[in-house]
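First up is the structure itself, then whatever we jot down about it.
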Amino acid sequence: MLPKPVESASQTTVSPAEALPWDAPERRPEEALHIDVDGFEGPLDLLLHLARHQRVDLARISILALAEQYLDFIDQARKVRLELAADYLVMAAWLAFLKSRLLLPKPAKDDGPSGEELAAQLAFRLKRLEAMREAAARLVNRNRLGRDVFARGAPEEIEAERGSKFQASLYDLLIAYASQRQRLAVTTVTIASRAVWSLADARAILTRMVGTIEEWTALDQFLVRYLSRPEERASAMASAFAASLELVREGHLDIRQAEPFAPIYLRRGPKAGAQPNG
Amino acid sequence: MADIVPLKPGQKGTSTGLDAEIDEAARIAEALIFASAEPVDEALIVRKLPQGINVRVVMDRLMHHYADRGVNLVRVGDAWAFRTAADLAFLIRDDKTEIRKLSRAGLEVLAIIAYHQPVTRAEIEEIRGVATSKGTLDVLLESGWVRMRGRRRSPGRPVTYGTTNGFLDHFGLAELGDLPGVEELKGAGLLSGRVPANFSFPMPGEGEELAEDEDPITQMDLEELGLLAPRGEEN
Amino acid sequence: MADIVPLKPGQKGTSTGLDAEIDEAARIAEALIFASAEPVDEALIVRKLPQGINVRVVMDRLMHHYADRGVNLVRVGDAWAFRTAADLAFLIRDDKTEIRKLSRAGLEVLAIIAYHQPVTRAEIEEIRGVATSKGTLDVLLESGWVRMRGRRRSPGRPVTYGTTNGFLDHFGLAELGDLPGVEELKGAGLLSGRVPANFSFPMPGEGEELAEDEDPITQMDLEELGLLAPRGEEN
């Protein structure tokens, strides 16, 4: 079966710098490369785009060549260390599976679909999507009411078809119900969204800061800028501590604590000069 | 006047009996439909016509009468409407004329709903290969072109979507069978969820080599395609 | 067909030269006047017609064409408009009863009755969190979409409300079970994703039968509710 895309499908990747709430560090040149999947509506759309670029009729397309092109594309993206939305990677994994099915002899006692069946399924989906694209284009170019053809400008009221004098659509009704129920649900149960520091966030910030400090310095002081908001405090402390342990293990950081619950001190570790693998 | 209905000599203006009745019925239908900006249900027209009159005969006569005029009679599902002739659009259009713009995704979803209805959201997503982003179906429902039709009798009883008469009216379709290319698409099995039995595509082996008119995709191409920003460029 | 313009033999459908030009001009004028919200100034029509066409000849021809039809072309000062033929005016509403839109509160209460039926007024108020004015329920009963179903077997024997077949008909639902659930509304973008995990819609009970704790409404009840004048009383 083909992978089912996940909800955030059309989301494009942001570069790591943009993901962090503080000042962007200087970008290395290759980080400036970014994959513009903005214009694509998911992996199938990208595949269709690549297929068209084979400059042949979709009916004559080589699924294997297409799979390889897609995998190449993903490889290149990885080489420049770019993140891709998950469903692009899921598609890549599926295409790799398809490729192996097409190239390797089918193992005995395997009731899964054959490579040919899988390839046919993908070709069918591409063709169907393209057909819908064309249908949409033909539809939008028809003579449209209000642009190409016009209704009576000064209608006179005729007797209504139905006895009811009231008018409402199902859409109106559902909108009213959904928003009313939601409004009430939100006022009774208030779940404030919490600012949470991820381990990666904490690690990135610590990495940038420890390089500059020679002397033992309390962890709180590293974080003083970020601890002003009480709701972030616990999360920031916890993540920063966990991240600091990781950095100690890698030798970027030394850490010291006199006794339980005493302040935690940090300083530059022996390998602090090396570029941490963040 | 380009009157399509052939008149026998001596009949003109003196039509009697059934013919006169149909003419009178046509006046009533004409007045009803002309008065309304929205399509008028055929059922309402039938109720307003004298008993025993075949509404289709009446509508045929009216449609012929208006075929070459500046205003045409068009069928919209089970309803009828007068609309200006499309070739005169440039004379009538003014600066205020504005129609709803749909995003690319919105248009695609609309087409899928039109051609595949009744269709569930999961089926739409399967066809597009991507989750429907928030707001897409919402906008279509709000536009009045798409409606929830009912629920599929399958696990989870998902809601099915379809188009409305407003959709037919807006895109100038008398019925769904008039959707452009619908017969060909059906014939090719492209409106079904399953790979049709006769579906053919090249087998691997022949496909491994690039065709004569094909080039391998290179890094350059990806940049060219706008998939990768050119190397070394800021931002 | 009551075609007024006399056609010379052999001329029909093959009008050429000036005659064809006038026909084409008549199409333009016809479409312009049809699509306009206001009577159209003759000066505007002149501007839209091909150069050198005598507007009076065109309008005369159009007026003749429509003279015996269900719709007539009339002069309003220096402007032109289409009007329903006077003898067919009975088709047009003169009482100007407007189609009423349901208020927001009305829609909410209607939706709650649809999803939660059988439901009492107190329960509706609990769901909405505000008191429901009597007028709102009255309007819904008047719309024919809501009915009193019965009385709850609980203290005070409150009236239970439900929807009618007219409701299903108007909203294009085959059955109450076709009303979409939470997941469907989320998917369609009508409900935001940020609702509590235990947030759910009730599955509407199937229409006609009374629930176990419901009694039918009797003649006595109707009198008590003030919907029927008590028996035997004058007036």
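A note on names: the letters A, B, ... follow the listed sequences, proteins ahead of strands, and every chain is numbered from 1. Reckoned from all heavy atoms, side chains included, excluding hydrogens, waters and symmetry mates.
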For this session: Under 4.5 Å, counting heavy-atom pairs only, tell me which of I112(C), L185(C), V109(C) racks up the most with chain A.
Result: I112(C)

Problem set entry | Verdict with reasoning, I127(C) to Q180(A), per side-chain contact (heavy atoms from CB on, under 4.5 Å) | CA-CA 9 Å; I127(C) 294 165; Q180(A) 187 274 327; 4.1 Å; yes

For this session: Report the C-alpha separation of L170(A) and L173(C) in whole Å, then their side-chain angles, then the decisive distance to 0.1 Å, and conclude whether the side-chain contact (heavy atoms from CB on, under 4.5 Å) test is met.
Result: CA-CA 9 Å; L170(A) 185 59; L173(C) 299 162; 4.1 Å; yes

For this session: List the atom of S179(A), the atom of R104(C), and the distance in Å for their closest heavy-atom pair.
Result: OG-NH2, 3.0 Å

For this session: Rounded to the nearest 0.5 Å, what's the gap from CG on L174(A) to CG on L179(C)? Could you check?
Result: 7.0 Å

Seminar exercise, completed: One option among L107(C), L110(C), V139(C) has the most heavy-atom pairs under 4.5 Å with chain A, and it is L107(C)

Problem set entry | Heavy-atom contacts under 4.5 Å, residues 33-46 of chain C to chain A | F34(C), A35(C), S36(C), A37(C)

Seminar exercise, completed: Filtered by a 4.5 Å non-hydrogen cutoff, the part of residues 71-88 of chain C contacting chain A is F82(C), R83(C), T84(C)

For this session: Look up atom CG in L173(A) and atom CG in L102(C), then write down how far apart they are to the nearest 0.5 Å.
Result: 8.5 Å

For this session: Classify the ring geometry between Y177(A) and Y115(C) as parallel (under 30°), tilted (30 to 60°) or perpendicular (over 60°).
Result: parallel

Seminar exercise, completed: Residues H170(C) and A168(A): closest non-hydrogen pair is NE2-O, 2.8 Å

Exercise. What part of A151(A) lies closer than 4.5 angstrom to a heavy atom of chain C: side chain, backbone, both or neither?
Worked result: backbone

For this session: Looking only at non-hydrogen atoms, find the nearest pair between P202(C) and R181(A) and report the distance.
Result: CD-NH1, 4.0 Å

